[in-house]
Amino acid sequence: MKKKIIVPLIVFLVGICLLSVFTYNTNVQIQKDRRTIAKLNAVTYGQRIENDIENGIEITDTLKQLLINGNCPS
């Protein structure tokens, strides 16, 4: 009678342990993936901002040269 209870109980407990380990590892991997995506997004947005600033500086320099040369359109 005890074998009928002990063997399924052990299988159940081992199954719960394996499921817990699998769930934990999956969660850790998801967190790593989210951090990687966040880092890539930060780099991308940083590059976009840098490009926008450089474009603004180029436009400003062009306007400055037009003013210096006196060829400013009215």
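Ile5 contributes atom CD1, which lies 12.0 Å from atom CD1 of Ile10 (distance to the nearest 0.5 angstrom). The structure places OG1 of Thr60 at 10.5 Å from CG of Asn55, a figure rounded to the nearest 0.5 Å.
Hydrophobic cluster membership for Ile53: Ile49, Ile57 (Ile, Leu, Val, Met, Phe, Trp, Tyr linked by side-chain heavy atoms under 4.5 Å, directly or transitively). Hydrophobic cluster membership of Phe22, counting Ile, Leu, Val, Met, Phe, Trp and Tyr whose side-chain heavy atoms lie under 4.5 Å apart directly or via other members: none, as it forms a cluster of its own. With side-chain heavy atoms closer than 4.5 Å counting as contact, directly or through intermediates, Ile30 stands alone and belongs to no larger hydrophobic cluster. Grouped with Leu19 in a hydrophobic cluster is no other residue, since no side-chain heavy-atom contact under 4.5 Å to another Ile, Leu, Val, Met, Phe, Trp or Tyr is found.
A continuous path of Ile, Leu, Val, Met, Phe, Trp and Tyr side chains, each step under 4.5 Å between heavy atoms, connects Ile16 with Leu13, placing both in one hydrophobic cluster. Under the 4.5 Å side-chain contact rule for hydrophobic residues, Leu18 and Phe12 do not share a cluster.
Glu54 pairs by the side chain to side chain contact (heavy atoms under 4.5 Å, CB included) definition with Glu50, Asn51, not counting sequence neighbours.
Counting only residues at least two apart or on different chains, the side chain to side chain donor-acceptor pair (under 3.5 Å) pairs with a member in residues 25-41 are Gln29-Asp33.
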